[in-house]
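Position 1 is the first residue of the sequence; numbering continues from there. All figures in this text were calculated on a predicted structure; none of them were measured in a lab.
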Amino acid sequence: MNVLSLFDGMSCGQIALNKLGIKVDNYFASEIDKHAIRTVKKNYPNTKHLGDVTKINYGGNHNIDLLIGGSPCQGFSFAGKQLNFEDSRSKLFFEFVRLLKETKPKYFMLENVMMKKEYQDIISGYLGVEPIKIDSKKITAGRRLRLYWTNIPVDELTEREVNLSDILESDAITDKDKAYCLTLHQGTLRDYFKKSQSNIVYVPNPLGKYEVLGGEIKMKFARGKDPDELFVFKTKVDDGMYDFRSLNIREACDLQGVSHSYFEGATKKQAMDMLGNGWTVDVIAHIFKNIKQ
């Protein structure tokens, strides 16, 4: 089986195939981030990195059986500026289309974020399939709602209860009844998860105290430069006030279904960037499980 992975990142597709025991003879990967390439080479030394996706003219001796990718989403995301296909990063979707035509794989899968229906329909028109909507929270402790365009037969996902308290270190768990997440474009924190899965929030730096008021947490200081880092409740300082700490790498790996040893040698920022850009491995494994070798 030969796989071509575009925008490969930390190679979550390869992790999922390995988890399923699907034998891969050649795994070709297009990626330009040096930290991601180094991490993948450490874990999967036989990966054949091809570099910049725009420079790939696939005329190889190997027939591609599976083409996968998650093209950059900044031009589609509801959290972004909604520039759709005019955004240079989102235009990279057409590289996936080009290589789909060139390689003619038996199977393909494209992942992307939730987006306006008009953009979604354009992608569906090019790929010839409608997307499947899957939220990682059905089988993991974290919410991650994504669209998957694929010609692989995909079964209904059987939901299993995984609470965030199952993966967090004990000092992080203080208030299982409250759940909040930062809505970046509004700058407020609001209910995001269900039940006790929910002790996870996005907050801006610097770390500090928050006041819980009527179902929302109000920021007590100005927004920092890096609003995307994951944080969890740590301690209750006094009535209605909470401190926060960031997720450690082990916890973030558990959220995405990745081995704790995967990022040995990488800094926390490098690991978190890769995990944030990557896929939820168990969701990808669920999609791939009906591939016939």
Side-chain angles (χ1 to χ4, degrees), residues 2-56 66 68-74 89 92 111 136 140-142 144 146 162 164 166-172 200 202-203 205-207 224-232 234 244-285 288:
N2 299 313
V3 180
L4 174 56
S5 174
L6 310 182
F7 325 103
D8 187 62
M10 58 175 284
S11 218
C12 290
Q14 194 161 194
I15 300 172
L17 289 165
N18 185 64
K19 186 170 185 174
L20 291 168
I22 295 177
K23 183 179 182 297
V24 175
D25 299 292
N26 294 286
Y27 191 95
F28 301 97
S30 172
E31 181 54 57
I32 58 174
D33 182 85
K34 64 181 180 180
H35 304 302
I37 292 171
R38 183 178 67 240
T39 296
V40 172
K41 282 188 176 294
K42 178 180 72 70
N43 288 279
Y44 295 103
N46 293 327
T47 303
K48 298 173 173 62
H49 278 99
L50 305 178
D52 188 340
V53 67
T54 65
K55 295 178 171 57
I56 297 175
L66 173 64
I68 59 176
S71 57
C73 61
Q74 289 88 344
R89 294 160 297 186
L92 291 172
E111 175 267 3
S136 299
T140 71
R144 197 175 185 84
R146 294 292 185 268
V162 183
L164 198 65
D166 296 332
I167 69 168
L168 291 180
E169 296 177 355
S170 59
D171 72 337
I200 191 168
Y202 288 90
V203 300
N205 287 327
L207 289 178
K225 292 181 179 179
D226 182 14
D228 290 328
E229 190 170 2
L230 283 166
F231 289 83
V232 293
K234 185 179 181 183
F244 297 85
R245 71 157 175 84
S246 62
L247 285 179
N248 61 42
I249 296 176
R250 293 168 64 91
E251 291 165 337
C253 283
D254 287 340
L255 275 177
Q256 290 290 70
V258 180
S259 166
H260 292 166
S261 63
Y262 199 80
F263 297 103
E264 285 180 359
T267 67
K268 180 177 179 180
K269 183 181 186 313
Q270 291 163 3
M272 290 300 196
D273 284 348
M274 285 183 259
L275 285 162
N277 290 327
W279 295 333
T280 303
V281 170
D282 286 348
V283 171
I284 304 304
F288 287 173

Quick one: do the S5 and Q14 side chains pair a donor with an acceptor below 3.5 Å?
->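 Judged by distance alone, the side chains do not pair up.
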To the closest 0.5 Å, what do you measure between [atom1] ([X]) and [atom2] ([Y])?
X	Y	atom1	atom2	answer
L92	T54	CG	OG1	7.5 Å
C12	L275	SG	CG	7.5 Å
M10	M274	CE	CE	7.5 Å
L17	I22	CG	CD1	5.0 Å
I15	I284	CD1	CD1	10.5 Å
D8	D33	CG	CG	11.0 Å

When you look at CD1 of I32, are more than 12 heavy atoms from neighbouring residues, nucleotides or ligands closer to it than 6.0 Å?
->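 Not more than 12 within 6.0 Å, no.
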So which heavy atom on [X] is nearest to which on [Y], and how close?
X	Y	result
A36	G9	CB-O, 3.5 Å
F288	A16	CD1-CB, 4.2 Å
G276	R144	O-NH2, 2.5 Å
V40	S11	CG2-CB, 3.6 Å
G13	I68	CA-CD1, 4.0 Å
A285	L20	O-CD1, 3.4 Å

Salt bridge between D273 and K269, side-chain N to carboxylate O under 4.0 Å?
->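 Here D273 pairs with K269 in a salt bridge, since their nearest N and O are under 4.0 Å apart.
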How would you list all residue pairs meeting salt bridge (Lys or Arg N to Asp or Glu O under 4.0 Å) that involve residues 36-47, not counting sequence neighbours?
->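 Residue pairs passing salt bridge (Lys or Arg N to Asp or Glu O under 4.0 Å), neighbours aside: none found.
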Are the side chain of T47 and the backbone N or O of H49 linked by a donor-acceptor pair below 3.5 Å?
->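 Side chain of T47 to backbone of H49: no pair is present.
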Short question: side chain of T280, backbone of Q256 - any donor-acceptor pair under 3.5 Å?
->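 No, because the side chain of T280 does not come within donor-acceptor range (under 3.5 Å) of the backbone of Q256.
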Qualifying residues under salt bridge (Lys or Arg N to Asp or Glu O under 4.0 Å), relative to K19, sequence neighbours excluded |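 D282.
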What pairs meet the ring-ring contact (aromatic ring centres under 6.0 Å, His included) rule with one or both residues in residues 250-279, with sequence neighbours excluded?
->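 Those involving residues 250-279 do not exist here.
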Could you go through the side-chain contact (heavy atoms from CB on, under 4.5 Å) check for T140 and L255 one step at a time?
-> CA-CA 6 Å; T140 71; L255 275 177; 5.6 Å; no
